[in-house]
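Worksheet: one structure, shown below.
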Number of protein chains: 2
Amino acid sequence: MSENYQKISEALVQIYSNILRIEENELRKSQFNNLTIQEMHAINAISMYDHKTASEVAKELHLTPGTLTLTINRLAKKGYVERIRSDDDRRIVRLGLTRKGRVEYRAHAAFHEKLVKKFLKGFNDEEVQVIYRALRNLEDFMADHS
Amino acid sequence: MSENYQKISEALVQIYSNILRIEENELRKSQFNNLTIQEMHAINAISMYDHKTASEVAKELHLTPGTLTLTINRLAKKGYVERIRSDDDRRIVRLGLTRKGRVEYRAHAAFHEKLVKKFLKGFNDEEVQVIYRALRNLEDFMADHS
DNA sequence: TCAAATAATTTGGTAATCAAAGTATATATG
DNA sequence: CATATATACTTTGATTACCAAATTATTTGA
């Protein structure tokens, strides 16, 4: 058990410290290599057809409104995102993906799906439940420390 | 199953995008609140008594030598790390933690241990094996994409 | 011996971020 | 209904973390 604990601890660190870099590698090799990782994550948070407000997206990404404005400026200039002024409250900016933005969104979703498939490969339903419970434990841990 | 898949996929994203922030929160609340997260990770990579070279640590952290030099400068000034010139090859700088650095190292290790304990809470040996296999799947995925 | 290689540092530039001030619009109250 | 306050976003002026390339010191090898 304690030996397993050690291995699991190391695996978690390894996974955590490498996954971002791998996402970045994939991005560099793809047709979207003019995007940075955080721009990609912003596209992801904006999501396909929700038209969330700038504030909502900023909150989701844990960014200040000012930082989000700058990110959206860049993404708009690169043609991935568009601002949609709300008519009923003209202070609000809603965000949408362009066609190009949606293509990138799907590409990233596909990468993520491959990752999850590999993660769960070779397990039956009962075992998947065990894995899910472990992840919920981690979510509880995070909730306790927020 | 596909419903589980969805939940697991979302949990992974949640965990991934929040864990760094939580580490940062803990750090802010601790006695080491003059450290940034990456400085803390550098302390971790330097580790207790290994006296690794600067190059080795840079590689481990996936940083260029120049960036590591700057990080070490800051950590030395703050009193966590010391440079040890090697006598047999005077180009080489070995890195060690000061007493203060070792205290911080242990504090972070304790945090990490709490996390892993919570992750594995309530599982028997067999179930822990399942979880470990899933993590190895992820490591395989990363190896395939490196 | 001295050219090439190696280890670290320095320098110049860019990304991403925040805090605080500013602008435009909406809401609430006296 | 006028105006003070609140809200949503943007702008500005920093700081931090990072990289690439040039530099310095030292070692190795031909």
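Residue numbering restarts at 1 for every chain, and letters A, B, ... go by the order of the sequence lines.
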Please determine, for the side chain of [X], which listed nucleotide ([options]) has the closest atom?
X: A:Val93; options: D:dA17, C:dA16, D:dT10; value: D:dT10
X: B:Gln38; options: D:dA8, C:dA7, D:dC18; value: D:dC18
X: B:Asp89; options: D:dT26, D:dC18, C:dC18; value: D:dT26
X: A:Thr69; options: C:dT17, D:dC18, D:dT11; value: D:dT11
X: B:Asn73; options: C:dA16, D:dC18, C:dT10; value: C:dT10

Checklist entry - Closest nucleotide of DNA chain D for A:Arg91 versus for A:Leu68: which of these residues is on the 5' side? => result A:Arg91

Interatomic distance where [atom1] belongs to [X] and [atom2] belongs to [N] [whole Å]:
X: A:Leu20; N: D:dA17; atom1: CG; atom2: P; result: 16 Å
X: B:Leu70; N: C:dG13; atom1: CG; atom2: C1'; result: 13 Å
X: B:Glu56; N: C:dT6; atom1: CD; atom2: P; result: 15 Å
X: A:Asp87; N: C:dT25; atom1: CG; atom2: P; result: 12 Å
X: B:Leu95; N: C:dA7; atom1: CG; atom2: P; result: 14 Å
X: B:Asp88; N: D:dT27; atom1: CG; atom2: P; result: 9 Å
X: B:Lys78; N: D:dT16; atom1: NZ; atom2: C1'; result: 10 Å
X: A:Lys59; N: D:dT7; atom1: NZ; atom2: P; result: 13 Å

Within the structure, does a side-chain N or O atom of [X] lie under 4.0 Å from either OP1 or OP2 of [N]?
X: B:Thr64; N: D:dA20; answer: no
X: B:Thr67; N: D:dA17; answer: no
X: B:Thr53; N: C:dA7; answer: no
X: B:Arg74; N: D:dA17; answer: yes
X: B:Thr36; N: D:dA17; answer: yes

Item to check | Under-3.5 Å donor-acceptor pair between A:Arg90 side chain and C:dT25 base | outcome: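 No, no donor-acceptor pair under 3.5 Å.
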
Next on the checklist: Could you check C:dA15 for me: syn (within 90° of 0) or anti?
Outcome noted: syn

Checklist outcome for this item: As its Watson-Crick or G-U partner within any shown strand, both distances under 3.5 Å, C:dA15 has none

Item to check | Pair assignment for C:dA24, Watson-Crick or G-U wobble, requiring both distances under 3.5 Å | outcome: D:dT7

Can any side-chain N or O of [X] pair as donor or acceptor with the backbone N or O of [Y] at less than 3.5 Å?
X: A:Glu39; Y: A:Thr36; value: yes
X: B:Thr67; Y: B:Leu63; value: no
X: A:Lys52; Y: A:Gly96; value: no

Checklist entry - What is the nucleic acid contact for B:His62, judged by heavy atoms within less than 4.0 Å: base, sugar-phosphate only, or nothing? => result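 The residue B:His62 makes sugar-phosphate contact but no base contact.
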
Checklist entry - What do you reckon, are the aromatic ring centroids of A:Tyr16 and B:Tyr16 less than 6.0 Å apart? => result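 So the answer is yes for these two rings.
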
Next on the checklist: Can you confirm whether B:Met142 sits close enough to A:Arg21 that some side-chain heavy atom of one is under 4.5 Å from a side-chain heavy atom of the other?
Outcome noted: no

Next on the checklist: Is there a ring pair (Phe, Tyr, Trp, His ring centres under 6.0 Å) between A:Tyr132 and A:Phe123? Walk through the geometry before answering.
Outcome noted: CA-CA 12 Å; A:Tyr132 182 45; A:Phe123 297 112; over 10 Å; no

Checklist entry - Taking for each residue the nucleotide of DNA chain C bearing the nearest heavy atom, is the 5' side occupied by A:Arg85 or by A:Gly66? => result A:Gly66

